[in-house]
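Beneath this line is the structure, given in structure tokens, with notes to follow.
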Amino acid sequence: MRILGIESSCDETAAAVVASGDAVLSSVVASQIAMHARYGGVVPELASREHLRAIVPVVREALLRSTTRLEDLSAIAVTVGPGLVGALLVGLTYAKSLSFATGVPLIGVNHIEGHIHAVILESRRDGAPVQFPALALVASGGHTHLFEVRDGGGYRLLGKTRDDAAGEAFDKVGKLLGFGYPGGPVIDRLAPHGNPHAVHFTFAKMKGNALDFSFSGHKTAVLRWVEARHMEDEIAARKTLLRHHPNPSVEQWLTVTPPATLDLLASFQHAVIHELLTRAASAAQSIGARGLIVSGGVACNSALRAAARAGNLPCPVHFPSAGLSTDNAAMIAAAAFPKLERGEFSSLDIGAQANLPLA
Ligand code: KG4
Ligand code: ZN
């Protein structure tokens with residue numbers, strides 16, 4: 001049973017063929033990051049245009065690399081939300097057209113469910129399957145959510161961010177300090193050069209649901225720190241570096257980033273990780289989780305991985321490999337497998353939903 005997955009919710013056009021639920025036969029990702037980086041973030045209109053350009057060759061490449069013909073497919077899985085509507089529509093419309101033309105059934109997938117399934121897929125393939133009930137922490141540029149995941153795919157929302165998503169906080173801090181877009185990967189690489197305890201960040205006490213997250217305080221603390229110093233020249237030097245080198249090495253960044261700023265980055269990252277893991281640990285405890293799934297772009301963060309592995313978490317932790325952490329289509333195909341088994345197909349009039357909830 002082969003499923004073609006298609007993903008276009010944000011700034012990657014992706015297609016993949018997955019067999020038997022966990023064998024990734026191909027996974028092709030055309031990233032637009034370099035283009036959006038020039039504007040400091042994702043520009044929705046440009047994203048839609050690039051998806052339009054990429055969708056046909058990306059899908060063709062995924063089929064070719066996996067030596068799959070359209071008639072070999074059991075289903076076409078596609079992200080229907082959440083995401084940018086114009087971007088989602090490109091993948092969705094293409095998937096619908098393929099389904100209509102070939103008679104292969106369509107399965108609409110929630111992007112967040114995809115992120116969770118990236119981990120379930122790899123854990124099965126690697127012979128250490130996630131045990132249920134599991135707790136899923138999905139942290140990306142658009143979402144920071146905690147879900148209880150039951151065997152067979154039932155989800156219950158336990159907590160979510162009340163303001164920025166974790167990845168968004170990384171991106172805003174990166175942009176503010178002149179590190180370009182996206183901020184997460186740069187901060188990840190520079191943080192080991194700073195002291196994570198040098199700058200104090202307050203851990204927000206949540207009124208109401210204690211499993212909700214908040215990152216706007218961290219972002220504001222960085223802004224105040226910057227305002228209290230004269231950093232214009234330093235930030236301008238980094239912007240100049242970026243103009244000459246679209247993806248500077250750590251050594252290059254270090255020539256324009258003094259120790260105090262490295263301390264700030266390390267402390268900010270430490271505070272975000274503390275926020276994520278503290279609430280994830282309480283949530284895992286509260287549902288008696290037998291596994292913790294960490295997924296979404298922020299799951300790439302090396303300090304988060306190290307802290308989760310070393311920390312006092314009440315259950316085994318599962319991370320996706322780097323290629324399946326950020327947006328991809330293998331995770332969308334993987335999430336469609338249980339739906340295919342249950343015969344849960346989508347009709348051709350299914351729409352894209354910018355704010356589609358998972359639970
Ligand atoms: O899952 P993803 O590719 O797209 C969304 O669905 O949003 O996540 C992208 C986000 C960006 O905010 C990016 O800064 C963050 O993930 N990210 C990281 C790292 N790599 C990507 N954040 C922290 N550390 C990283 N290594
Ligand atoms: Zn994502």
Side-chain angles (χ1 to χ4, degrees), residues 5-14 16 27 29-34 36-37 40-42 44 47 51 79-84 87-88 91 109-119 136-145 160-161 164-177 179-192 196 215 218-219 247 250 265-266 268-277 293-308 319-332 334-335 354-356 358:
I6 296 179
E7 153 67 38
S8 70
S9 66
C10 189
D11 57 356
E12 340 269 355
T13 319
S27 179
V29 180
S31 175
Q32 310 173 359
I33 286 184
H36 295 293
V42 177
H51 285 306
T79 308
V80 292
L84 302 167
L88 287 163
V109 172
N110 183 303
H111 181 82
I112 298 179
E113 188 172 18
H115 275 300
I116 293 171
H117 274 268
V119 178
L137 165 63
V138 182
S140 70
H143 346 271
T144 303
H145 288 80
K160 64 177 189 319
T161 181
D164 295 340
E168 188 180 1
F170 272 102
D171 294 340
K172 285 182 174 168
V173 165
K175 186 175 180 184
L176 174 71
L177 289 164
F179 288 101
Y181 171 84
V186 187
I187 295 175
D188 186 355
R189 289 190 294 149
L190 291 180
F215 297 99
H218 300 82
K219 182 190 64 189
N247 195 8
V250 169
L265 293 180
F268 163 76
Q269 176 176 276
H270 181 78
V272 170
I273 292 172
H274 181 66
E275 172 85 18
L276 289 172
L277 290 184
I293 294 169
V294 187
S295 194
V298 178
C300 292
N301 188 271
S302 24
L304 171 67
R305 288 179 183 237
F319 281 94
S321 63
L324 288 194
S325 295
T326 49
D327 290 348
N328 66 87
M331 68 185 198
I332 302 302
N355 297 310
L356 182 67
L358 176 58

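Counting begins at 1 with the first residue of the sequence. Whatever order the structure lists them in is the order used to number ligands and atoms, beginning at 1. Predicted, not measured: the structure shown is a model, and the values here were computed from it.
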For ligand 1, which atoms, with element, lie under 4.0 Å from some heavy atom of His111?
-> 6 (O)

Asp171 heavy atoms, cut-off 4.0 Å: which ligand 1 atoms fall inside?
-> 11 (C), 12 (O), 13 (C), 14 (O)

Note: ligand 1 atoms sitting under 4.0 Å from heavy atoms of Thr326 are 3 (O)

Tell me which protein heavy atom sits closest to atom 4 (O) of ligand 1, plus the residue, atom name and distance to 0.1 Å.
-> Asp327 OD2, 3.2 Å

Within the structure, does Phe170 bring an N/O atom to less than 3.5 angstrom of an N/O atom in ligand 1?
-> no

Does one side chain, of Ser27 or Asn328, offer a donor that lies under 3.5 Å from an acceptor on the other?
-> no

Is Gly167 close to ligand 1, meaning an N/O of one under 3.5 Å from an N/O of the other?
-> yes

How close does the nearest protein non-hydrogen atom get to atom 26 (N) of ligand 1, and which residue and atom is it?
-> Asp188 OD2, 2.8 Å

Heavy-atom nearest neighbour in the protein, as seen from atom 20 (N) of ligand 1, with distance rounded to 0.1 Å = Gly297 O, 3.5 Å

Under 3.5 Å, is there a donor-acceptor pair linking the side chains of Ser8 and His51?
-> no

Would you please say whether a donor-acceptor pair under 3.5 Å links the side chains of His111 and Ser9?
-> yes

If you draw a sphere of radius 2.8 Å around the Zn ion (ligand 2), how many protein N/O/S atoms end up strictly inside it?
-> 3

Atoms of ligand 1 close to Gly142 [distance to a heavy atom under 4.0 angstrom, numbered from 1] = 7 (O)

By salt bridge (Lys or Arg N to Asp or Glu O under 4.0 Å), which residues pair with Lys160, not counting sequence neighbours?
-> none

Have His115 and Asp327 got a donor and an acceptor in their side chains that come within less than 3.5 Å?
-> yes

